[in-house]
Amino acid sequence: MQKDFQKYSSLHFDLAVCWDLNTCEYHSSHPTGHMALLKKINQILLLLLVLTVCAILYNRVHQVPSALKNETVDLESPEEMEEEIPVVICAAAGRMGAAIAAISSIYSNTEANVLFYIVGLKTTIPHIRKWIENSKLKEIKFKVVEFNPMVLKGKIRQDASRPELLQPLNFVRFYLPLLIQKHEKVIYLDDDIIVQGDIQELYDTKLAPGHAAAFSDDCDLPSTHEMVRSVGMQNTYMGFLDYRKQAIRDLGISPSTCSFNPGVIVANMTEWKHQRITKQLEKWMQRNVEENLYSSTLGGGVATSPMLIVFHRKYSTINPMWHIRHLGWSPDTHYSEHFLQEAKLLHWNGRYKPWDYPSVHTDLWEHWFIPDPSGKFKLTRPDS
């Protein structure tokens, strides 16, 4: 070991990178063996220097942005990178024009990247698709989703006070996570609405932690109270649940509690699935079949009632101007024109729909309606 140390310690040289190796001078007590070693070292260093210079020149010529060095290049256009706003609307047979008017109003009043999920039964899907593809709505982004009514088997009583509400698509809102799977936040809208504001505003509704949905309270706007009283509408739990039944009384909910309207919903899909909202709703549907807990109530809300139970004190609220409702409750009661112009969303909930006669404020709805290219859907008007 000592001899080896002495052998290598006797080598003294100055390391230098030489462009001409023949001009380099080395001072060594063993000139022959170590000269070859030193030449090899200088050749390696020279090669590294040349490669470094080449790399610098290449980067400068091609101007590679430093931000891309550790990132995947995103070649999507700004529109594709923009967050999608999923909007769910049902297209039911006999009232398909309602969905068309709703979609038309939304699309015309926003620059947002809206993706429409149009839900229908197997028999109605071809009609709605052709209507869209053969009208000015052909530019919208949409997906047609088939709803299987078999999921409702054994869950609906047939003796509701308003049998028109028993249509299968009226329960689509219960199954949002099953139909819409890739989105965190979803807007659900009844078909008998039009939107006058930017749907982005509604989508930006803040949901409190732990809340799976946001709704409009039925007592939120003083300007609607007179109409509610004049036409006998129900805006408390008393109108939607049968408090004569022990199962309802056991909930501990005051019958005077203000109800909410589930015709406009902003939903958090993660919370919805985490809280198993769909399962909870189905449980109360099945109990109603067995015990008639709400089907015969004044409100007749076969879809509203179980939601009132499941979401009691567990929901956020929507800006009242984003759900001006009751336009379909009476053909004789009107809102002021100024009030309607300020509204962001109008809802003809009730029996008197704007595509039928009689109805009120039909001009506001018909402005967004697009005639059916096939001629199957026609408006009902006094002169028709």
Side-chain angles (χ1 to χ4, degrees), residues 86-109 114-152 156 158 160 162-173 175 179-180 187-196 199 263-264 302-303 327-329 331 345-384:
V87 177
V88 180
I89 296 180
C90 295
R95 51 190 288 166
M96 204 167 294
I100 292 293
I103 293 169
S104 173
S105 69
I106 295 168
Y107 180 66
S108 301
N109 286 302
V114 180
L115 174 59
F116 293 97
Y117 284 87
I118 303 170
V119 185
L121 301 181
K122 186 176 182 179
T123 55
T124 62
I125 285 176
H127 186 188
I128 191 67
R129 185 183 295 278
K130 289 181 179 179
W131 196 333
I132 292 173
E133 293 175 348
N134 291 283
S135 72
K136 68 178 184 180
L137 292 180
K138 61 186 177 183
E139 302 297 329
I140 70 170
K141 292 172 58 178
F142 74 102
K143 294 182 179 180
V144 176
V145 181
E146 180 183 344
F147 182 68
N148 185 356
M150 290 303 296
V151 300
L152 302 173
I156 301 176
Q158 299 300 318
R162 292 184 60 191
E164 72 273 14
L165 298 180
L166 296 176
Q167 297 300 320
L169 294 181
N170 200 30
F171 300 92
V172 163
R173 72 198 86 192
Y175 297 94
L179 299 169
I180 317 299
I187 294 174
Y188 168 87
L189 300 174
D190 276 355
D191 61 354
D192 51 353
I193 62 96
I194 62 164
V195 171
Q196 301 185 138
I199 197 71
V264 176
V302 292
L327 277 73
W329 272 90
L345 183 149
L346 302 177
H347 188 185
W348 279 263
N349 60 312
R351 300 176 188 270
Y352 302 97
K353 303 301 184 184
W355 55 89
D356 281 335
Y357 180 82
S359 55
V360 297
H361 304 300
T362 55
D363 55 321
L364 295 174
W365 181 88
E366 199 167 339
H367 175 72
W368 302 109
F369 175 69
I370 300 172
D372 183 359
S374 72
K376 295 178 181 178
F377 181 92
K378 294 181 174 62
L379 302 181
T380 304
R381 295 293 180 254
D383 55 351
S384 63

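Every heavy atom of this structure was used, including side-chain atoms; hydrogens, water molecules and symmetry mates were not.
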Practice item. Please round to the nearest 0.5 Å and tell me the distance separating atom OH of Tyr352 and atom OG1 of Thr362. Key: 15.0 Å

Practice item. Decide yes or no for Ile100 and Ile132: does some side-chain heavy atom of the first lie under 4.5 Å from some side-chain heavy atom of the second? Key: yes

Review point. Would His361 and Trp365 count as a close aromatic pair, with their ring centres under 6.0 Å?
Key: no

Exercise for review: Would you check, one step at a time, whether the test side-chain contact (heavy atoms from CB on, under 4.5 Å) holds for Phe147 with Leu152?
Suggested key: CA-CA 11 Å; Phe147 182 68; Leu152 302 173; 4.1 Å; yes

Check your understanding: Atom CD1 of Ile193 and atom CD1 of Ile89: how far apart are they, to the nearest 0.5 Å?
Key -> 5.5 Å

**Study point:** side-chain contact (heavy atoms from CB on, under 4.5 Å) assessment of Asn109 paired with Trp368
**Key:** CA-CA 11 Å; Asn109 286 302; Trp368 302 109; 3.6 Å; yes

Revision key, fill the gap. Minimal heavy-atom distance between Ala93 and Thr124, with the atoms involved, is CB-CG2, 3.6 Å

Review point. Would Asp190 and Arg173 pass as an ion pair if we require N to O under 4.0 Å?
Key: yes

Check your understanding: When rounded to the nearest 0.5 angstrom, what is the spacing between CD1 in Ile187 and CZ in Phe116?
Key -> 9.5 Å

Check your understanding: Looking only at heavy atoms, what is the nearest atom pair of Leu169 and Ala91, with distance?
Key -> CD1-O, 3.6 Å

Review point. Is the shortest heavy-atom distance from the side chain of Phe142 to the side chain of Leu137 under 4.5 Å?
Key: no

Exercise for review: Write down the atom of Phe171, the atom of Ile156, and the distance for their closest heavy-atom approach.
Suggested key: CE1-CD1, 3.4 Å

Exercise for review: May I ask you to decide if the ring planes of Trp131 and Phe377 are parallel, tilted or perpendicular, using 30° and 60° as cut-offs?
Suggested key: tilted

Review point. Taking all atoms of both residues into account, what is the closest heavy-atom pair of Asp191 and Ala102, and its distance?
Key: O-CB, 4.0 Å

Check your understanding: Quick one: side chain to side chain donor-acceptor pair (under 3.5 Å) partners of Asp192, sequence neighbours excluded?
Key -> His347, Lys353

Review point. Can you find a heavy atom in the side chain of Leu179 that is under 4.5 Å from one in the side chain of Val88?
Key: no

**Study point:** Test item: Leu345 and Leu189 side chains (from C-beta on) under 4.5 Å apart, heavy atoms
**Key:** yes

Revision key, fill the gap. Tightest non-hydrogen contact, residues Ala101 and Ile194, listed as O-CG2, 4.5 Å

Study note, to complete from the structure: Between Leu121 and Glu146, the two heavy atoms sitting closest are C-CG, 4.5 Å

**Study point:** Backbone N/O of Ser105 and side chain of Ser108: donor-acceptor pair under 3.5 Å
**Key:** no

Point to revise | Rounded distance [0.5 Å steps], NE2 in His367 versus OG in Ser104 | key: 8.0 Å

Review point. Taking only residues two or more places apart in sequence, or in another chain, which ones meet Glu366 in a side chain to side chain donor-acceptor pair (under 3.5 Å)?
Key: Arg381

Review point. Can you check side-chain contact (heavy atoms from CB on, under 4.5 Å) on His127 and Asp372, steps first, answer last?
Key: CA-CA 9 Å; His127 186 188; Asp372 183 359; 2.9 Å; yes

Practice item. For Ile103 and Ile118, run side-chain contact (heavy atoms from CB on, under 4.5 Å): C-alpha distance rounded to whole Å, both residues' side-chain angles, the deciding distance at 0.1 Å, then the answer. Key: CA-CA 9 Å; Ile103 293 169; Ile118 303 170; 3.6 Å; yes

